[in-house]
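Note on naming: letters A, B, ... go to the chains in the order of the sequence lines (proteins, then strands), and numbering restarts at 1 for each one.
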Amino acid sequence: MTDTTSETQSNAETNGHSAPPPGEHELHGKAEAHAANGNGGGHGHSQYPHLAHHFDSPQQQFDAGKLGIWLFLVQEVLFFAGLFCAYTVYRAQHPEIFVYAHYHLDTTMGAVNTCVLLVSSLTAAWAVRNAQLGEKNKLVINISITILCAFVFLGVKYKEYAHKVHEGTLWGHHFNPQHELWELDTFKSKHPESAKLAEKIAAIQFEGQAKRNPHGEHQGSGAEANAPGPTTPSLPGATAGAADSDTKVRRIQSLLLQASDETLHPLVAAGIIKHNIQATTGLERPATAHIFFGIYFFMTGLHGIHVIAGIIVWIWMLLKAQRGQFGPNYFGPIDYAALYWHLVDLVWIYLFPLLYLIH
Amino acid sequence: MATTTTTDFVSPEPSTTDNYLNNEKGLLSWLLTLDHKRIGVMYLFSVLASFALGGTFALLIRAELWTPGPTLPGVTADMYNQFFTLHGAIMVFLVIIPGIPAALGNIILPLQLGAKDVAFPRLNLMSYHVWILGACFMLLSLVLGAADTGWTFYTPYSTMTETAVIPAAFGAFVLGFSSIFTGLNFIVTIHKLRPKGMTWFRMPLFVWALYSTALIQVLATPVIAITLLMLIVERTFGIGIFDPALGGDPVLFEHFFWFYSHPAVYIMIVPAFGVISEIIPVFSRKPIFGYKFIALSSVAIAILGFLVWGHHMFTSGQSVLAGTIFSAITFLIAIPTAIKTFNWISTMYKGRIHLETPMLYALAFLWVFTIGGVTGMFLAVMSVDVHLHDTYFVVAHFHYVMMGGSITAFLGGLHYWWPKAFGRMYNEQLGRLSALVVFVGLNLTFFPQFILGSRGMPRRYYNYLEEFEGLHQLSTVGAFLLGIGFLLTAYGLLSSLRKKFDAPANPWGATTLEWQTASPPPYYNFATPPEVTQGPYDGYENLEYDEKIRGYVPTKA
Amino acid sequence: MANQLFHCLSSLAAPPKLPDSPFFLMPPQASTISGEIDWLFNVILWICSIVTIGVIIAMAYFVKKYGAKSRIANEKAEKTSEHNTTLEIAWSVIPLVITIAFFVWGFKGYVNLRTIPRDSLEVQVTAQKWSWLFEHSGFASAELHVPVNTKVRVIIRSTDVLHALWIPAFRTKMDAVPGRYTDLWFEATQTGTFPIHCAEYCGRSHSDMWSQVVVHTQADFEAWKKAEQDKNDNTPPVALGAKLAQERGCFSCHSIDGSPKVGPSWKGLFGSRESYSDGTTLVIDENHLKESIEDPQAKIRGGFPPSMPTFKGQLNDKQITGLVEYIKSLK
């Protein structure tokens, strides 16, 4: 092995360099090297500083990146799909939990977030156009607005989360709501008659009790940490004596029987009153209401993490844009980032009605 | 005639410099490389090291099962449960799923496409480092008192047990992303970086196999990712998705888990099919029989594989209707797989068969994978599965297809492409001997397990009834023999690395593009990108063996 | 010949405990369904063996017949077609027909296994880590007792994690899923005892979660029921406690020889002074034992995990007294 340059030759056309330097575009810088083969060699890469060495043309590189980002988005959809599936299963099996829980959500804030993300999607798409046309200043502005909107979204979410912590509507064992359904403004404004009926029943049900406790377990004290299996809500006031509770039940029953279907329906749908009115002895929270909040925090939390990731990507794009890197021959990263961002928006478009707009 | 129009075969003489192994030196030149071949080599050694670790746990398991009661001093039931959990998790997530695509595919795929690299070299490097990160979490679980849930992490046991479930589950979660990125990379590479003249139906079957696998990797892996994330969140925050005490459903976990894990077994076996499809034509000097069928059936298996997950759950309480659908589709998948086997054998008909180590492994594959595949029939049949579910019969079945299928093909491919990747020929005698020992070992280990299972031995058992002792002992002897076989294989391959570069460009006389560059290739793969004018298995008659270089060159005429 | 080989192998250790099965690859055929399952298993076995052996023979034959001498000889393969429509159709259609047959037979058998006959004798079983408790209309037992030639439905529940009830000799199995009921049915055709295994991994003592089904003649079954009744009425407390401790799985966590297991040993427990995880110490008396049975999380012994499940509502006063007296007796 004397001559390393000849080792790879079986005909004169092959290039002569022994150890081509590993730079991106210098590889094909020698004009005589690949002229015969039209692989986008010498003439190609030096013209396009952002063209990677293993691609033949900017078009090929862009197409490859586009296919790549679409595949990435497909797998993101499947990633979220698992949670949507869990949502579907639980909503099909326990619809009343979802009706009950959505009153605890602030639809206005949800709608604001939806608008914010839609605006940010608009500016993201616009940014792609700016990049394609090499309009650096507009590009920078649009990316900045996108980032700003993302922060607004996170800010609103933070407010919502803080409110839930305060309200006690958390997941699992931490579910300990400070307000009953019929005390919530959202319920009262939508179903004033039902709220009044519930107030009356509650007044009877909790006569003589200092602290209301319509749900026997998972009150945060962890007393029943030992009990496996699905639990049933205990009838309040049972300690007050059998005769007492009998009277209460009779009074509650008469209120229920007098009420119209329209008044009763929202309470039944939310699991506060059983479907079988005759068997109802009082108001109760649906037993596994915390599952909704578990799903809510998981889905919105995971979405939020993707928003944060998006912010990081956009900041990176902002820096590159400020350096004037994008133009008609190189705008792929902005295109891909915008696609990702549209998906993040789309996931929220699904989350919003599924969580906030339940009827 | 020749498969390229410009650069013919590069000089068949071995290259001593200007190859990807020695063009740069130093640890960082490896850890920060963008060269797919170096990344593949790193994966190869990482995967083999993990295989050794997972195999050690296997030997501990088999040693413990030598007697019906407690056997090894100090090994309690808890420890045993951790052994089989770690064995399964390491083998599935660290070895077999990355296995052939990451270790062999990374090196060979761009070469078979005449390309300079994969579509996204930096993503490729990130895939590798993410794998390392996932492996670290798995090891962390080991250190913190290893999980004991079984690799299947069924709830609610996995949400309640006090062992280190979260690191193990998180490790698997991270490893999932390594798999997704590799799959994504390969799909784009195959779509966008094929050479001139290589239409879809002129691609080598290994490429078809990697493509089908990549589809599954991208579509199925996110589902296990979210499932494991749900498990971790449930353990940490007590959300109540799977915990019945909080109103959750443990069977929902099983559905989510198997929705990924069934397609995952196709990630494990389809690349193996690809390797076998490469080896058999070359070593029979004949084009493959039924190319299109093999190519398209890989894609079909990949897609159908998404529809059968419930056949792991016939005794879970799922409805008879659901079970029926799952069973029916499972049989559908069996057919293309069987036909592939017939195609491979037909390729050998009237060929000229050479029995070097890669071909020995391919033949072993045909034998052992057939056994593994037909025993899947027993399990697909709903009524018989009720008896066989969760017994050693299942253990035997999946080890036959995974060990006898994936690993055998992996070793075959490793020997086949070893000269290309490392520029040295391995010791042929040692290769054949170790193939034989591995073959005998794996049959001795796993065949008795079929009998154990059907006769009533459940799986994941630390203690067992005395009547099963004899068969267990046979299996344990086989396991240690298998271990010896692997050690011999490792020795045979690794010792070749001490030699100078002595491999010709084309030792086997193959016609796919990777053999048209030097062994090992220069870092840029091809001096001039090849053009393709015929199918990947056409043209054996135009090659002849040159004794001087111990490799093939184009026929002078 | 295979039978002899098998017997030779299994006699490497103790001889098999079970009666010989007519089909050595399977346990005894002790239910109405066993024979059907074994028949199908056999059919699949034969067909798959033929296919496998066929593949191996074809492979070996081709290797022999078409083996190349050496690479130097540069032998060329004969030109053959890459397609053979007849062959390809044949080897697509025949396996398809076979698999359809397998599927249909399997489906029928499965429907049979899962369709609970009306008027079955019902038994409830509770699975917990790591024991089975069978309740036969008022009599609880660690073993399943059934009369022969009678349809029996077993209703399965779990109090903690997934388990699975598997009776190999009856070829039936069903998971025990916490939070819901599952069931299986069988009709035993032979008297005798047959193993029951847990077939879904459930933790430490998964492999020790063993039980058995005792198939009585009708007369014996009645006699057994009567004996159980008498026992319940007349067993002195200590004996009752010992029996319950065995049945309810207490021994999976508590020893009676002084060695600590998951929980403290009962030997010498009564009357000793022990310290607790909340920093208190107390002398163990009847009240404390009763509290530990009904509300075990109230006081956790120092050095032990809070793993004990509650038996509140599962044991009546008489049974608790029995356990307490039994523990007292273990000095």
Quick check on [X] against chain C: is it the side chain, the backbone, both or neither that has a heavy atom closer than 4.5 Å?
X	answer
B/E254	side chain
B/R459	backbone
B/S158	neither
B/T76	neither
B/L355	side chain
B/M313	neither
B/P250	side chain
B/S327	both
B/N343	both
B/E547	side chain
B/A328	both
B/L363	both
B/F242	neither
B/T391	side chain

Please determine, among [options], the option with the most heavy-atom pairs under 4.5 Å with chain B.
options	value
C/C198, C/P305, C/A73, C/S81	C/C198
C/L113, C/T52, C/T182, C/I72	C/I72
C/W91, C/F62, C/W105, C/F103	C/W91

Is there a donor-acceptor pair closer than 3.5 Å between any side-chain N or O of [X] and the backbone N or O of [Y]?
X	Y	result
B/R285	C/A68	no
C/K173	B/H389	yes
B/D390	C/E200	no

Fit a plane to each ring of [X] and [Y], take the angle between them on a 0 to 90° scale, and name the class: parallel (under 30°), tilted (30 to 60°) or perpendicular (over 60°).
X	Y	answer
C/F41	B/F378	tilted
B/F331	C/F102	tilted
C/Y66	B/Y349	perpendicular

Exercise: identify the closest heavy-atom pair between [X] and [Y]:
X	Y	value
C/D175	B/S316	OD2-CA, 3.3 Å
C/L162	B/P156	N-CD, 4.1 Å
C/I44	B/V384	CD1-CG2, 4.4 Å

Side chains of [X] and [Y]: closer than 4.5 Å at any heavy-atom pair?
X	Y	result
C/R114	B/M382	no
C/R171	B/V386	no
B/F289	C/E88	yes
C/H83	B/F293	no

At what distance, to the nearest 0.5 angstrom, does [atom1] of [X] lie from [atom2] of [Y]?
X	Y	atom1	atom2	value
C/K76	B/K286	NZ	NZ	15.5 Å
C/E75	B/Y540	CD	OH	16.0 Å
B/D538	C/E82	CG	CD	6.5 Å
C/L96	B/L332	CG	CG	7.5 Å
B/N81	C/S207	CG	OG	7.5 Å

Please look at [X] and chain B and tell me whether the side chain, the backbone, both or neither of the residue comes under 4.5 angstrom of a heavy atom of that chain.
X	result
C/S34	neither
C/V177	side chain
C/W166	side chain
C/A199	both
C/T115	neither
C/N84	both
C/L45	both
C/I56	side chain

Just to verify, what does B/K292 make a salt bridge (Lys or Arg N to Asp or Glu O under 4.0 Å) with, not counting sequence neighbours?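 For B/K292 there are no salt bridge (Lys or Arg N to Asp or Glu O under 4.0 Å) partners, ignoring immediate neighbours.
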What pairs with B/E428 under salt bridge (Lys or Arg N to Asp or Glu O under 4.0 Å), at least two apart in sequence or on another chain? B/R432
Stepwise side-chain contact (heavy atoms from CB on, under 4.5 Å) test for B/V251 and C/R180: CA-CA 11 Å; B/V251 180; C/R180 57 190 269 207; 3.7 Å; yes
Around [X], counting heavy atoms of other residues, nucleotides and ligands shown, do more than 12 lie under 6.0 Å from its [atom1]?
X	atom1	answer
C/K108	NZ	no
B/F447	CZ	no
B/W367	CH2	no

Worked verdict on C/S92 versus B/I339 for side-chain contact (heavy atoms from CB on, under 4.5 Å): CA-CA 7 Å; C/S92 307; B/I339 297 179; 3.2 Å; yes
Pair B/R352, C/E78 - check side-chain contact (heavy atoms from CB on, under 4.5 Å), show working. CA-CA 8 Å; B/R352 288 294 176 266; C/E78 290 167 51; 3.9 Å; yes
Member of B/Y154, B/F153, B/Y80, B/F84 meeting the ring pair (Phe, Tyr, Trp, His ring centres under 6.0 Å) criterion with C/Y201: B/F84
Show your reasoning for whether side-chain contact (heavy atoms from CB on, under 4.5 Å) applies to B/M377 and C/I47. CA-CA 10 Å; B/M377 291 278 117; C/I47 294 181; over 6 Å; no
